[in-house]
Protein chains: 2
Amino acid sequence: MENNSIFIEKLRSSGLRPTKQRLEICKLLFDRKKTFHFTIGDLSKILKKETNKKISLATIYNTVHSFKKKGYLKEISINRDKSYFDTNTSNHHHFLDIDTNELIDLKKEDVDKIKIRKNLPGKKIQSIEVLVKVENNN
Amino acid sequence: MENNSIFIEKLRSSGLRPTKQRLEICKLLFDRKKTFHFTIGDLSKILKKETNKKISLATIYNTVHSFKKKGYLKEISINRDKSYFDTNTSNHHHFLDIDTNELIDLKKEDVDKIKIRKNLPGKKIQSIEVLVKVENNN
DNA sequence: ACACTACTTTAGAATCATTATAAATTAGAA
DNA sequence: TTCTAATTTATAATGATTCTAAAGTAGTGT
């Protein structure tokens, strides 16, 4: 039904069998237009509310990490308290509102290309992440 | 003796009484020429080795956090596992070697000034942090 | 030097996110 | 349908960090 086939393909290509729990997670993560920033805790709460069943944390962790490994989700390190994930896997940066702990995408064109003038012998750059912390203006 | 007076001043200005435990921590953190990146766990181990006494974790956390609040240490969020601190409190960015988990300073001149072309109404920028992840080149 | 009070230290308990475990359930191939 | 390996789940384990409450110490005022 509907675009489940897309989700099934996403799961299969991540090495996961499509199960109803995982399809619920897919629906929640990938059936949306805007970027979605979330923690595992967020996801768990929303899933419980939307489906009226509880999907165990272990399943959610497992699924999210498989998607991350496959590249369907990006992990964003902000603080030690929680790990954030981002459904926008393109190259982009973030604002972090330190008053609300909200993450906001910066589009590619919002930040000039970063040039690093130093390199480490034997090492290559894997990613460049910019985090712009913002606070109330008063 | 020696430059303890500097440490005492650092402690006092951070709202802390100088105690022998805190002075040991100061010596370890601030009596060095190069930047020092560490976790609380690192610090604890080194302190035990250097002083042959154990300073309790609670004391180390308390002291490090007071220094951070005062601005004598910077906290760097890399992943949820551990929190890193940096004795270099100037404006600078970091390499993270994902093979070894080592942090390496980027000097100010190693990265072009970052210009953010978007602003959020009612918010002002508090900091801009760049993390360049590097990996083995093979 | 002494006493007193507030600040510190400490070990251990509590917390919280995340990971591991092991038994019951389910997907999918034969 | 049957069978086996993958999955789900509740719960336990882990590990970093924070809390607690009792014992120790700094430093002011005397």
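The chains referred to below are lettered A, B, ... by the order of the sequence lines, with proteins before strands, and numbering in each begins at 1. Fair warning: this is a prediction, and the values are worked out from it, not measured in the lab.
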Every protein N/O lying under 3.5 Å from an N/O of nucleotides 27-30 of chain D:
residue: dG27(D); atom: OP1; partner: Arg12(B); partner atom: NH2; Å: 2.2

ask   = Is there a side chain to side chain contact (heavy atoms under 4.5 Å, CB included) between Ile76(B) and Phe85(B) once you walk through the steps?
value = CA-CA 6 Å; Ile76(B) 307 169; Phe85(B) 292 88; over 6 Å; no
[N] [atom2] sits how many Å from [X] [atom1], rounded?
{"X": "Leu43(B)", "N": "dT17(D)", "atom1": "CG", "atom2": "P", "result": "12 Å"}
{"X": "Leu57(B)", "N": "dG15(D)", "atom1": "CG", "atom2": "C1'", "result": "11 Å"}
{"X": "Tyr61(B)", "N": "dT20(D)", "atom1": "OH", "atom2": "P", "result": "17 Å"}
{"X": "Ile40(A)", "N": "dT9(D)", "atom1": "CD1", "atom2": "P", "result": "14 Å"}
{"X": "Lys54(A)", "N": "dT9(D)", "atom1": "NZ", "atom2": "P", "result": "10 Å"}
{"X": "Lys48(A)", "N": "dT8(D)", "atom1": "NZ", "atom2": "C1'", "result": "16 Å"}
{"X": "Arg22(B)", "N": "dG24(D)", "atom1": "CZ", "atom2": "C1'", "result": "13 Å"}
{"X": "Ile8(B)", "N": "dA26(D)", "atom1": "CD1", "atom2": "P", "result": "12 Å"}

ask   = Donor-acceptor pair, Thr59(A) side chain versus Ile55(A) backbone, under 3.5 Å?
value = no
ask   = Would a distance-only check, ignoring hydrogens and angles, find a side-chain to backbone donor-acceptor pair under 3.5 Å from His37(A) to Leu103(A)?
value = yes
Is any side-chain nitrogen or oxygen of [X] closer than 4.0 Å to OP1 or OP2 of [N]?
{"X": "Thr59(A)", "N": "dT9(D)", "answer": "yes"}
{"X": "Gln21(A)", "N": "dT9(D)", "answer": "yes"}
{"X": "His65(B)", "N": "dT17(D)", "answer": "no"}

ask   = Is there any salt bridge (Lys or Arg N to Asp or Glu O under 4.0 Å) pair reaching into residues 117-136 of chain B, and which pairs are they, with sequence neighbours excluded?
value = Asp97(A)-Lys123(B), Asp99(A)-Lys123(B), Asp112(A)-Arg117(B), Glu129(A)-Lys133(B), Lys133(A)-Glu129(B)
ask   = So what does Ser83(B) touch, heavy atoms closer than 4.0 Å: a base, only the sugar-phosphate, or nothing?
value = sugar-phosphate
task = Classify the nucleic acid contact of Thr19(B) as base, sugar-phosphate or nothing, counting any heavy atom under 4.0 Å across all strands shown.
result = sugar-phosphate
query = Centres of the Phe30(A) and Phe67(A) rings: under 6.0 Å?
reply = yes
Taking the side chain as C-beta and beyond, is there a heavy-atom pair between [X] and [Y] under 4.5 Å?
{"X": "Lys74(B)", "Y": "Asn88(B)", "answer": "no"}
{"X": "Lys108(A)", "Y": "Ser90(A)", "answer": "no"}
{"X": "Pro18(B)", "Y": "Phe7(B)", "answer": "no"}

Lys20(B) or Gly41(B), whichever maps to the more 5' nucleotide of DNA chain D = Gly41(B)
ask   = Measuring from Leu57(A):CG to Ser44(A):OG, what's the distance to the nearest 0.5 Å?
value = 4.5 Å
message = At a heavy-atom distance below 4.0 Å, which nucleotide of DNA chain C is the first touched by chain B, and which is the last?
response = dC7(C) to dT18(C)
